Amino acid sequence: RQGLLMEMSRVFTENKIDVKSLNVRTSKQGKATILMTFDIHGKDELNRLTDKIRQVEGVLDIERTAG
């Protein structure tokens, strides 16, 4: 949806987390896959961040792929 990336970026900005890389793809069905790389300081911070991102309207799932 329009504004999804902006709202997700706001979560990172408010939590003072630098995004190192970002890749966005949209399927023919209109679902966006957003791959992000960022530095985090511990599992607790990661859990807080993912909880906040899950609250963004339109976020369907979050998956950790590395680290």
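It should be emphasised that the depicted structure is a prediction, and the values quoted were computed from it without experimental measurement.
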To the nearest 0.5 Å, what is the distance between [atom1] on [X] and [atom2] on [Y]?
X   : Y   : atom1 : atom2 : result
K43 : R64 : NZ    : CZ    : 8.0 Å
M36 : S9  : CE    : OG    : 5.5 Å
N47 : K52 : CG    : NZ    : 12.0 Å
M8  : L22 : CE    : CG    : 8.0 Å

Are [X] and [Y] side-chain neighbours, meaning at least one heavy-atom pair lies under 4.5 Å?
X   : Y   : answer
L49 : F12 : yes
V11 : I17 : no
I53 : I62 : yes

Should L35 and L46 be regarded as members of a common hydrophobic cluster, given that ILVMFWY residues are connected when their side-chain heavy atoms come within less than 4.5 Å of each other, either directly or indirectly? no
Taking every non-hydrogen atom, the tightest pair across [X] and [Y]:
X   : Y   : result
E45 : N15 : OE2-O, 4.4 Å
V19 : F38 : CA-CB, 4.1 Å
L4  : E57 : CD1-O, 3.5 Å
R54 : V59 : CA-CG1, 4.3 Å

Under 3.5 Å donor-acceptor, T26 side chain and G30 backbone: no
Please step through side chain to side chain contact (heavy atoms under 4.5 Å, CB included) for the pair V24 and T33, ending with a clear verdict. CA-CA 6 Å; V24 181; T33 299; over 6 Å; no
